[in-house]
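Have a look at the structure below, then the notes.
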Amino acid sequence: MKVTVIGTGYVGLVSGTCLAEVGNDVLCLDVNPEKIRILNEGGIPIFEPGLQEMVRRNVAAGRLHFTTDVERAAHHGTIQFVAVGTPPDEDGSADLRYVVAAARNIGRLMTDYKVVVDKSTVPVGTGEKVKAAIADELQKRGVSIPFSVVSNPEFLKEGAAVEDFMRPDRVIIGADDEQAVFLMRALYAPFQRNHERLIVTDVKSAELTKYAANAMLATRISFMNELANLAEKLGADIEMVRQGIGSDPRIGYHFLYPGCGYGGSCFPKDVKALIKTASDDAGIRLKVLSAVEEANDAQKHILTEKLKGRFGDLAGKHFAVWGLAFKPNTDDMREAPSRELIADLFAAGATVTTYDPVAMDEARRIFGEDARLGFAKTPKEALSEADALVVVTEWKEFRSPDFDEIRKLLKTPAIFDGRNLYDPKFVRGMGIEYFGIGR
Ligand SMILES: NC(=O)c1ccc[n+]([C@@H]2O[C@H](COP(=O)([O-])OP(=O)(O)OC[C@H]3O[C@@H](n4cnc5c(N)ncnc54)[C@H](O)[C@@H]3O)[C@@H](O)[C@H]2O)c1
């Protein structure tokens with residue numbers, strides 16, 4: 001099939017590449033010429049395991065192309081995926097400016113039947129807005145060309161995005177017409193040869209499903225973070241509690257890890273947007289989700305509080321920070337807890353040397369040239385001259401460090417473990433003070 005993917009970010013690039021991998025003829029469009037230049041020169045603008053090789057392979061096979069040419073993109077695909085960003089507006093609602101712009105471009109330029117597929121995470125009702133925008137453009141042109149609008153929310157996880165797309169747990173298709181469902185079913189068939197995992201719904205239910213999924217996962221995290229803070233005060237170990245409740249199949253082990261808060265480009269913004277949709281469009285205050293958000297905002301400062309609890313005034317102190325990305329296997333630092341921590345430390349007069357396997361360029365872009373922030377080439381290098389070590393991202397390479405080395409290099413041998421990577425008893429046995437989350 002001929003497929004256009006509009007927006008070549010984390011979702012668009014992965015989706016487009018995986019669709020090319022199974023034989024489709026894919027054209028990825030982006031308004032950012034720098035991204036398209038990097039892709040056309042054989043690079044990729046983001047870090048995502050396995051993606052670079054797959055991009056190269058499909059470009060070489062002539063099935064995957066990149067462009068900034070809106071007209072070419074509008075003509076190319078019968079299926080037009082919209083995978084542009086939907087960042088939070090000032091009031092927390094999803095900013096649909098890019099989605100609507102993409103829809104208008106299609107309406108302005110299309111010459112034959114199109115299935116326009118919202119892959120971006122968009123509030124309930126966006127399908128109707130996209131339909132209206134395209135219809136409006138067609139009317140301005142005085143033409144009548146058939147088109148369908150489908151909601152196909154994306155559930156891939158950064159860090160495992162290629163695998164998630166190639167082997168989806170489910171594919172949600174929200175559509176009102178048979179022809180669009182037929183085409184979407186055919187497009188996704190190669191990804192579910194074992195058994196079909198397509199769930200066909202109406203457009204609004206598909207849109208809400210995406211928010212419901214992220215809101216549920218965020219709720220589990222905030223719930224565990226609150227319990228962790230309680231366990232700490234009561235003298236219980238949240239890790240024991242986690243295993244105790246995770247063993248119940250009704251609860252399960254996934255997404256029960258306490259830590260220094262959730263971040264990334266999805267949970268924070270989607271929780272906010274759902275709260276906003278509920279209040280503005282339905283007059284309902286989502287009490288549980290408001291608390292989830294409040295708990296997470298506080299949790300992002302938990303490591304700073306622990307550092308202050310141990311050292312008092314942080315002015316003049318220097319800390320090693322391991323991990324910048326909001327989670328392992330990505331360079332994404334959108335809403336990452338590391339950003340709040342580093343900002344807190346700067347505000348308190350402390351300085352930082354940090355190490356992250358892939359997100360340091362992103363951090364340089366975010367923080368700019370700042371004498372208070374140093375970058376180390378190895379985790380070990382970050383430790384020298386530091387008063388303590390703070391672990392913010394659970395990268396595999398941090399899981400089994402050389403504790404002897406840590407003790408020798410830190411001025412005050414102390415680890416603040418924002419991801420509960422280490423065994424408190426073991427670390428303390430190595431002569432290092434240990435501060436975890438809820439332990
Ligand atoms: N990142 C994730 O893990 C993830 C997972 C599931 C869903 N989502 C959702 O998918 C959407 C995209 O997320 P992302 O992380 O890929 O964003 P991103 O910021 O990485 O990429 C969006 C891209 O769209 C481009 N763009 C904006 N307007 C455009 C236009 N009119 N035409 C062409 N390109 C345009 C931008 O330049 C950018 O490259 C969001 O709604 C997000 O919530 C993201």
Side-chain angles (χ1 to χ4, degrees), residues 7 9-12 82-102 118-130 151 153-158 172 174 203-226 229 255 257-302 325-327 330 332-344 362 366 392:
Y10 285 88
V11 168
V82 178
V84 299
T86 46
D89 220 335
E90 275 145 33
D91 63 2
S93 62
D95 183 349
L96 292 179
R97 170 175 8 166
Y98 307 108
V99 172
V100 172
D118 273 333
K119 198 162 240 335
S120 301
T121 302
V122 291
V124 176
T126 303
E128 283 168 3
K129 285 188 183 148
V130 165
S151 166
E154 182 49 58
F155 295 95
L156 64 77
K157 303 181 286 295
E158 282 174 27
I172 306 274
V203 175
K204 286 184 174 176
S205 301
E207 290 169 338
L208 186 56
T209 300
K210 174 65 192 176
Y211 283 99
N214 277 355
M216 171 63 94
L217 295 172
T219 301
R220 284 173 72 102
I221 296 174
S222 273
F223 173 81
M224 284 308 281
N225 285 339
E226 274 207 316
N229 299 340
F255 272 82
Y257 291 97
C260 51
Y262 61 75
S265 69
C266 293
F267 290 3
K269 102 174 152 50
D270 293 349
V271 166
K272 258 196 188 65
L274 187 54
I275 292 171
K276 189 75 184 145
T277 299
S279 70
D280 288 6
D281 299 350
I284 291 175
R285 195 172 89 78
L286 295 182
K287 298 182 272 298
V288 172
L289 276 193
S290 303
V292 166
E293 189 180 34
E294 193 189 330
N296 192 58
D297 289 345
Q299 198 69 11
K300 284 185 172 178
H301 301 282
I302 198 91
F326 85 93
K327 67 173 181 180
T330 181
D332 199 339
M333 284 184 64
R334 287 178 281 187
E335 309 243 7
S338 64
R339 296 172 72 150
E340 303 274 344
L341 170 73
I342 292 170
D344 283 352
E362 185 62 7
I366 291 165
V392 187

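With rounding to the nearest 0.5 Å, the separation of CG in Leu217 from OG in Ser222 is 11.5 Å. Atoms CZ and CD1, on Arg334 and Ile366 in that order, are 10.0 Å from each other to the nearest 0.5 Å. For the atom pair CG of Asn225 and CD1 of Ile302, the computed distance is 8.0 Å after rounding to the nearest 0.5 Å. We find the CG-CG distance between Leu96 and Asp118 to be 9.0 Å, quoted to the nearest 0.5 Å. Taken from CG in Asn296 to SG in Cys260, the straight-line distance is 9.5 Å, to the nearest 0.5 Å. For the atom pair NZ of Lys276 and NZ of Lys269, the computed distance is 16.0 Å after rounding to the nearest 0.5 Å.
The backbone N or O of Asp91 lies less than 3.5 Å from no partner atom in the side chain of Asp89, so there is not a single donor-acceptor pair. Within the 3.5 Å criterion, the main-chain N or O of Thr121 finds a donor-acceptor partner in the side chain of Thr86. Using modelled atom types, one side-chain atom of Glu207 and one backbone atom of Gly127 make a donor-acceptor pair closer than 3.5 Å.
Within the 4.5 Å cutoff, the side chain of Leu289 has heavy atoms near those of the Leu274 side chain. A 4.5 Å side-chain heavy-atom check between Lys157 and Lys327 finds at least one atom pair inside the cut-off. Arg339 places none of its side-chain heavy atoms less than 4.5 Å from the side chain of Lys300. By the 4.5 Å heavy-atom criterion applied to side chains, Ser265 and Phe326 are not counted as neighbours.
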Stepwise side chain to side chain contact (heavy atoms under 4.5 Å, CB included) test for Phe255 and Ile221: CA-CA 6 Å; Phe255 272 82; Ile221 296 174; 3.6 Å; yes
Side chain to side chain contact (heavy atoms under 4.5 Å, CB included) assessment of Thr219 paired with Val288: CA-CA 8 Å; Thr219 301; Val288 172; 4.3 Å; yes
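Pairing each heavy atom of Gly261 with each of Pro337, the nearest pair is O-CG, 3.3 Å. Nearest heavy-atom pair, Pro123 versus Tyr211, reported as atom, atom and distance to 0.1 Å: N-OH, 3.4 Å. Across Ala273 and Ala94, no two heavy atoms sit closer than the pair CB-N, 4.0 Å. Taking both residues in full, the closest heavy atoms of Gly7 and Val84 are given as CA-CG1, 4.0 Å, listed atom of the first, atom of the second, then distance. Considering every non-hydrogen atom in both Lys210 and Pro153, the closest pair reads CB-CB, 3.5 Å. Of all heavy-atom pairs between Leu286 and Ser290, the closest is O-OG, 2.8 Å.
Environment of CZ in Phe155: crowded, with over 12 heavy atoms of neighbouring residues, nucleotides or ligands closer than 6.0 Å.
Under a 4.0 Å N-O distance rule, the pair Glu293/Lys272 qualifies as a salt bridge.
Ring-plane geometry between Phe267 and Tyr262 is classed as perpendicular, the angle between the planes exceeding 60 degrees on a 0 to 90 degree scale with a lower cut at 30.
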